[in-house]
Amino acid sequence: MTQVKPVLLLPDIVFRFSMGRPMRRNFTLPELEQELTNLREGAIHRMLRGDYERLFGENDAALGRLRGFAKSHDCVASFADDAILFRRRCRDDRRATLPP
């Protein structure tokens with residue numbers, strides 16, 4: 001009788017490493033757009049730093065691309081140690097930035 005070893009099935013959020021930073025396997029910009037579109041007001045989405053570097057780049061213009069992307073999805077992007085946090089703006093936040 002042969003022994004069967006248990007297999008650990010991991011979700012699609014299996015991490016791979018690029019230059020020492022974890023990244024989600026096959027994570028694309030359209031997937032990020034969909035996740036941000038589905039956020040409720042005040043909700044937060046966490047994107048790994050390795051994904052940020054792969055999707056937006058590591059040059060001087062990357063921060064501008066990130067801010068523009070977040071703004072176009074009615075979000076604010078913040079940097080954490082190992083991730084970028086997108087927070088969906090609330091109605092009160094939007095009203096505060098509109099000119100009188």
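Numbering of residues begins at 1 and proceeds along the displayed sequence. Owing to the predicted nature of the structure, the values given are computational and were not obtained by experimental measurement.
In terms of hydrophobic clustering, with Ile, Leu, Val, Met, Phe, Trp and Tyr side chains grouped at heavy-atom distances under 4.5 Å, F69 and L39 are assigned to a common cluster. Clustering ILVMFWY residues whenever any of their side-chain heavy atoms sit less than 4.5 angstrom apart, transitively, puts L63 in the very cluster that holds L55. Following chains of ILVMFWY side-chain contacts shorter than 4.5 Å, one cannot reach I44 starting from L48, and the two form parts of different hydrophobic clusters.
When side chains are defined from C-beta on, R88 does not count as touching R40, because their heavy atoms never get closer than 4.5 Å. No side-chain heavy atom of M47 sits less than 4.5 Å from a side-chain heavy atom of L36. Proximity of Y52 to L32: side-chain heavy atoms (C-beta onward) are nowhere separated by under 4.5 Å. Between F79 and I84 there is a side-chain heavy-atom pair separated by less than 4.5 Å.
Between G57 and A62, the shortest heavy-atom contact is O-CB, 3.4 Å. T37 approaches H73 most closely through the heavy-atom pair OG1-CD2, 4.0 Å.
Rounded to the nearest 0.5 angstrom, S72 OG and R67 CZ are separated by 14.5 Å. How far CG of L66 is from NZ of K71: 13.5 Å, rounded to the nearest 0.5 Å. Residue R49 holds its CZ atom at 15.0 Å from CZ of R54, rounded to the nearest 0.5 Å.
Dense packing is recorded around CG of N59, with more than 12 heavy atoms of other residues, nucleotides or ligands lying under 6.0 Å away.
Taking Ile, Leu, Val, Met, Phe, Trp and Tyr as hydrophobic and joining them when side-chain heavy atoms fall under 4.5 Å apart, one finds V76 isolated, its cluster having no other members.
Ion pairing between D82 and R46 holds under the 4.0 Å rule for side-chain N and carboxylate O.
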